[in-house]
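These values consider heavy atoms only, across backbone and side chains, with no hydrogens, waters or symmetry-generated copies. Count residues from 1 along the sequence.
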Amino acid sequence: FGNSGDRSGTGVAFTRDPATGAKKLMGEYLINAQGEDVVAGVRTPSPISHLHEQMPEVYDQFVEIATRLENYFRDMQDMEFTIEDGHLYMLQTRNGKRTAQAALQIACDLVDEGMITEQEAVLRVEPKQLDTLLHPQFDAAALKAAEVVGKGLAASPGSACGQIVFTAEEAEEMVKSGKMKKVVLVRLETSPEDIVGMQVSQGILTVRGGMTSHAAVVARGMGTCCVSGCGNDNDVKIDEEAKTFELNGHKFVEGDWISIDGSTGNIYGEAVATVPADPGSGYFGRLMGWADKYRQLMVYTNADTPRDAAQGRAFGAQGIGLCRNEHMFFEGERIKAMREMIVADNTEDRKKALAKIMPYQQGDFEGIYEAMEGCPVTIRFLDPPLHEFVPTEEADIKLLAEDLGKSVADIKAIIAGLHEFNPMMGHRGCRLAVTYPEIAAMQTRAVIKAALAVQARHPEWTMVPEIMIPLVGEVKELKYVKNVVVSTADEIIKAANSDMKYKVGTMIEIPRAALTADEIAKEAEFFSFGTNDLTQMTFGFSRDDAGKFLGAYYDKKIYESDPFAKLDQTGVGKLVKMAAQLGRETRADLHLGICGEHGGDPSSVEFCHNVGLDYVSCSPFRVPLA
């Protein structure tokens, strides 16, 4: 059928434009041809509107059937048809695939036309489709001509193109001096001290690390494109000293152009043009309004800076579920004071160094409170091991020794003493506050004084600071640190003649904490599930190293998906559910949330709703998805 002469043909059409969502018939057909000819592209087809001139009666009949099909299925249809000697045959119809932009417009238009309800409109748009509207994307034409030279993990969505730099310092220097307008930071892996360089980069590419590595988590928070773990399945050699990078036989040096796609993990060894994101359409706002109207969970954001907080708030976040403050210690004078605190021989010297850090912390917290306009803010106390803050370069060690009047040998001995075989399970989290309660006291002062200052400026807001003690596994350690917090906070509030309330809670990220949640709830006023670490501890593998073997597990169908990207509901989920139930048995009004990266994954959000959590918290650019 379709190829018996000039009164025959075949074609494909959509009831609406699948690229933009505009309400108009879109499609193509070929005269005297079969379906294969249209798909194969051997002949150039005519737009469907031309059929009106060639066979008006067939065209009118087709329009009538297309309208009937769309009304019946209440969605845009993708239809195939054949014409045999002036007689129209419909071959198939299905709901048409569409871009994110089109999905929004079609959903809104169908509501306006009375075809679907607002709830149905929200369900018509895939959460992950929204990602493409929030991040820059590669120009489609430029992408077709580009060669994929390698592939990593799609760790943070969007597309980035820039010149290669190998250190955070170079990234900052090149951009600030104007020597390079756009840079892509290529690292073996990133650490908290790379934060400033990461902020100025278009994208981040790491050889090691998984979906919840430092680079991935921070990049998602900033809305920056990131491809991690490119060394897992590719032949990769990186020499950060010599400033060279080899990927599957392609050699790159500093200044070479590279492009990465954080939505697919693809790496291109050339400059590929990008187009900016455009979430500003009225359709986006309308759909988000309906999502707000009908959802039951609250959606918070993870934010470490006033800028991140403002971004999350702009996307509709109702609070901050996780404010990590370790990144606040790496700028200028702050890192000096932090290092001074770490190498101090006694409590008095430590307190002196902490007194220098305190105003910086307070200022940062005030900025975050201001950005959140009185919404709840949960601040996690210092979590990483102290070795992350000490210098590694000889020149920096020498400088620190001079500043503190110590010998280089003394400083090196202190640094060596901080070495741990497994820092993730070492001297960090609440263990720092148990060893050095003065750290918890300083942070409490900063949190409470910041809240009092902002409350004084905004009497219309009700400030209730929330302090989260990380890495608790035993109720007694929580009680010890909580006593330090409460005695410090009460003293400041009393001195200020205020009646401000505050909450002290904990992060459930150690399996023992989940198993003894009924005990821990005696001291904690809220639980926040840190599912990144909870997943690590439950599976018993490191998120930064798991990429080396997880590929084999997916191939052999042992795991279906990355447990750091999609919550393992069978194992880790069982701990979350158990802890939620046990906690509420002890404290009926226990506030429960999740602040691990799973807080922005659609299936994990659904699980959180089903087990009775109050909120999910995720990086700012994942708030609309959640």
Peer 1: Would you compute the distance between atom CG of D562 and atom OH of Y553 and round it to the nearest 0.5 angstrom?
Peer 2: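 Nearest 0.5 Å value for the CG-OH distance: 13.5 Å.
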Peer 1: Could you check whether any side-chain N or O of S228 sits under 3.5 Å from a backbone N or O of A155, counting only pairs where one atom can act as donor and the other as acceptor?
Peer 2: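 Here the side-chain-to-backbone pair does not exist.
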Peer 1: Taking ring pair (Phe, Tyr, Trp, His ring centres under 6.0 Å) as the cut-off, I'd like each qualifying pair that reaches into residues 94-129, sequence neighbours left out, listed once.
Peer 2: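 The answer is none; no pair qualifies.
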Peer 1: Run the numbers on W290 and V111 for side chain to side chain contact (heavy atoms under 4.5 Å, CB included), then give the verdict.
Peer 2: CA-CA 11 Å; W290 294 333; V111 170; 3.8 Å; yes
Peer 1: Would you indicate whether the side-chain heavy atoms of Y300 and C375 approach each other to under 4.5 Å?
Peer 2: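 The answer is no, as the side chains (C-beta and beyond) never meet within the 4.5 Å cut-off.
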Peer 1: A quick test of your reading: do over 12 heavy atoms of other residues, nucleotides or ligands sit less than 6.0 Å from OH of Y294?
Peer 2: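 It does: Y294 OH has more than 12 such atoms within range.
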Peer 1: Atom CG of residue position D6 - does it have more than 12 heavy atoms of other residues, nucleotides or ligands inside 6.0 Å?
Peer 2: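 Result for CG/D6: open.
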Peer 1: Does the pair N95 and Q77 meet the rule for a side-chain hydrogen bond (donor to acceptor under 3.5 Å, both in side chains), with working shown?
Peer 2: CA-CA 5 Å; N95 291 343; Q77 294 303 293; 2.9 Å; yes
Peer 1: So, taking the atom named OG1 in T117 and the one named CZ in R74, what distance separates them when rounded to the nearest 0.5 Å?
Peer 2: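 Rounded to the nearest 0.5 Å, the OG1-CZ separation comes to 7.5 Å.
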Peer 1: Report yes if the side chains of Q61 and V63 come closer than 4.5 Å at any heavy-atom pair, otherwise no.
Peer 2: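 In short, these two side chains do not touch, never coming nearer than 4.5 Å.
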Peer 1: Return each pair, listed once, that meets ring pair (Phe, Tyr, Trp, His ring centres under 6.0 Å) where at least one residue sits in residues 195-214; pairs must be two or more places apart or across chains.
Peer 2: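 For residues 195-214: H214-H327.
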Peer 1: So how far is it from M90 CE to M79 CE, rounded to the nearest 0.5 Å?
Peer 2: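 Reported to 0.5 Å precision, the distance equals 5.5 Å.
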Peer 1: Do T535 and T531 get their side chains close enough for a donor-acceptor pair, meaning under 3.5 Å?
Peer 2: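 Note: T535 and T531 side chains miss the donor-acceptor criterion.
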Peer 1: How about CD on Q119, more than 12 heavy atoms from neighbouring residues, nucleotides or ligands closer than 6.0 Å, or not?
Peer 2: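 Atom CD in Q119 is packed in, count exceeds 12.
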Peer 1: Ignoring hydrogens and angles, tell me if any N or O in the side chain of N232 forms a donor-acceptor pair with the backbone of G229 under 3.5 Å.
Peer 2: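 Yes; judged by distance alone, with no hydrogens or angles, the pair exists.
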Peer 1: L287 and V125: side chain to side chain contact (heavy atoms under 4.5 Å, CB included), yes or no, with the steps?
Peer 2: CA-CA 9 Å; L287 193 94; V125 180; 3.9 Å; yes
Peer 1: Tell me, do F315 and M288 make a side-chain contact under 4.5 Å, heavy atoms counted?
Peer 2: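 Side chain of F315 against side chain of M288, heavy atoms only: no contact under 4.5 Å found.
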Peer 1: Are D112 and R286 ion-paired here, with the side-chain N under 4.0 Å from a carboxylate O?
Peer 2: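 Yes, D112 and R286 are salt-bridged.
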Peer 1: Decide if atom CD of E57 counts as having more than 12 heavy atoms of other residues, nucleotides or ligands within a radius under 6.0 Å.
Peer 2: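 Count over threshold, so yes.
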Peer 1: In terms of side-chain heavy atoms, does S617 have a donor or acceptor partner in N302 at a distance below 3.5 Å?
Peer 2: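 Short answer, yes.
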Peer 1: Between atom CD of E270 and atom CZ of F252, what is the distance when rounded to the nearest 0.5 Å?
Peer 2: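 Those atoms lie 9.0 Å apart.
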Peer 1: Taking ring pair (Phe, Tyr, Trp, His ring centres under 6.0 Å) as the definition, give me every residue that meets it alongside Y89, ordered by chain and number, with sequence neighbours left out.
Peer 2: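 Per chain and number, Y89 pairs via ring pair (Phe, Tyr, Trp, His ring centres under 6.0 Å) with F1, H87.
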Peer 1: E560 vs K566, test: salt bridge (Lys or Arg N to Asp or Glu O under 4.0 Å). Steps then yes/no.
Peer 2: CA-CA 10 Å; E560 282 182 22; K566 189 175 279 199; over 6 Å; no
Peer 1: Hey, does the side chain of T20 reach the backbone of A22 with a donor-acceptor pair shorter than 3.5 angstrom?
Peer 2: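 Checking the backbone N and O of A22 against the side chain of T20, a donor-acceptor pair under 3.5 Å is found.
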Peer 1: Do you know which of L185, I258, I238, L247 makes side-chain contact (heavy atoms from CB on, under 4.5 Å) with L205?
Peer 2: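 Considering L185, I258, I238, L247, a side-chain contact (heavy atoms from CB on, under 4.5 Å) with L205 is found only for I258.
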Peer 1: Evaluate the side-chain proximity of F607 to P602: yes if any heavy-atom separation is below 4.5 Å, no if none is.
Peer 2: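 The answer is no, as the side chains (C-beta and beyond) never meet within the 4.5 Å cut-off.
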Peer 1: Give me the atom names and distance for the closest heavy-atom approach of P563 to Y554.
Peer 2: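 In this case the closest contact between P563 and Y554 is CD-OH, 4.3 Å.
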Peer 1: Taking V236's backbone N and O only, do any of them form a donor-acceptor pair with N234's side chain (distance below 3.5 Å, no angle check)?
Peer 2: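 No.
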Peer 1: Taking A102's backbone N and O only, do any of them form a donor-acceptor pair with Q105's side chain (distance below 3.5 Å, no angle check)?
Peer 2: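 Side chain of Q105 to backbone of A102, a donor-acceptor pair under 3.5 Å: no, none is there.
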Peer 1: With sequence neighbours left out, what residues match R208 under side-chain hydrogen bond (donor to acceptor under 3.5 Å, both in side chains)?
Peer 2: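 Counting only residues at least two positions away or on another chain, R208 forms a side-chain hydrogen bond (donor to acceptor under 3.5 Å, both in side chains) with E189.
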Peer 1: Measure the CD-CG distance between Q311 and D308 for me, rounded to the nearest 0.5 Å.
Peer 2: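 Reported value, rounded in 0.5 Å steps: 8.0 Å.
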Peer 1: Between the main-chain N or O of D235 and the side-chain N or O of N248, is there a donor-acceptor pair closer than 3.5 Å?
Peer 2: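 Checking the backbone N and O of D235 against the side chain of N248, a donor-acceptor pair under 3.5 Å is found.
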Peer 1: Is there a side-chain contact between I164 and E254, using heavy atoms and a 4.5 Å cut-off?
Peer 2: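 I164 vs E254: side chains apart.
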Peer 1: Is the number of heavy atoms from other residues, nucleotides or ligands within 6.0 Å of CZ (F549) greater than 12?
Peer 2: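 Atom CZ in F549 is crowded, with more than 12 foreign heavy atoms closer than 6.0 Å.
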Peer 1: For residues K179 and E170, determine if any side-chain heavy atom of one lies less than 4.5 Å from a side-chain heavy atom of the other.
Peer 2: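 With C-beta onward as the side chain, the pair stays apart.
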Peer 1: Answer whether the closest heavy-atom distance between the side chains of T67 and T15 falls below 4.5 Å.
Peer 2: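 T67 does not reach T15 side chain to side chain.
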Peer 1: Using 4.0 Å as the upper bound for N to carboxylate O, is an ion pair formed by E597 and R622?
Peer 2: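 A salt bridge links R622 with E597.
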Peer 1: Is the backbone of A303 close enough, under 3.5 Å, to the side chain of T301 for a donor and an acceptor to pair up by distance?
Peer 2: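 Flag not set: sc T301 to bb A303 has no pair under 3.5 Å.
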Peer 1: With heavy-atom distances below 4.5 Å as the criterion, would you say the side chains of D568 and F539 are in contact?
Peer 2: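 In contact.
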Peer 1: For residues 47-55, dump all side-chain donor-acceptor pairs below 3.5 Å to protein atoms at least two apart in sequence or in another chain.
Peer 2:
residue, atom, partner, partner atom, Å
Q54, OE1, Y29, OH, 2.4

Peer 1: Check side-chain hydrogen bond (donor to acceptor under 3.5 Å, both in side chains) between S603 and all other residues, then give those that pass, not counting sequence neighbours.
Peer 2: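 Result, side-chain hydrogen bond (donor to acceptor under 3.5 Å, both in side chains) vs S603: D601.
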Peer 1: Counting only N and O atoms by type, is there a donor-acceptor contact under 3.5 Å from the side chain of S259 to the main-chain atoms of Y268?
Peer 2: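 A pair under 3.5 Å: no.
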Peer 1: From the options R94, Q92, K97, select the one residue that forms a side-chain hydrogen bond (donor to acceptor under 3.5 Å, both in side chains) with D78.
Peer 2: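 Result for side-chain hydrogen bond (donor to acceptor under 3.5 Å, both in side chains) with D78: R94.
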Peer 1: Are any side-chain N or O atoms of S159 and backbone N or O atoms of F138, one a donor and one an acceptor, separated by less than 3.5 Å?
Peer 2: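 Checking the backbone N and O of F138 against the side chain of S159, a donor-acceptor pair under 3.5 Å is found.
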Peer 1: Quick one: do R7 and E84 make a salt bridge, cutoff under 4.0 Å?
Peer 2: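 E84 and R7: not salt-bridged.
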Peer 1: Charged N to carboxylate O below 4.0 Å: is that the case for R187 and D194?
Peer 2: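 Yes, this pair counts.
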Peer 1: With rounding to the nearest 0.5 Å, note down the distance linking CG in D261 to SG in C225.
Peer 2: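 Reported value, rounded in 0.5 Å steps: 6.5 Å.
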Peer 1: Whether D75 and R98 form a salt bridge (side-chain N of Lys/Arg under 4.0 Å from carboxylate O of Asp/Glu) is what I want to check.
Peer 2: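 Salt bridge between R98 and D75, a charged N being under 4.0 Å from a carboxylate O: yes.
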Peer 1: Please check if the side chain of T10 supplies one atom and the backbone of I83 the other of a donor-acceptor pair under 3.5 Å.
Peer 2: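 Side chain of T10 to backbone of I83: no pair is present.
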Peer 1: So which heavy atom on C161 is nearest to which on V184, and how close?
Peer 2: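 Of all heavy-atom pairs spanning C161 and V184, the closest is C-CG2, 4.0 Å.
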Peer 1: Should the heavy atoms of other residues, nucleotides or ligands under 6.0 Å from CD of E126 be counted, would the total exceed 12?
Peer 2: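 No - once you tally the heavy atoms of other residues, nucleotides and ligands closer than 6.0 Å, there are 12 at most.
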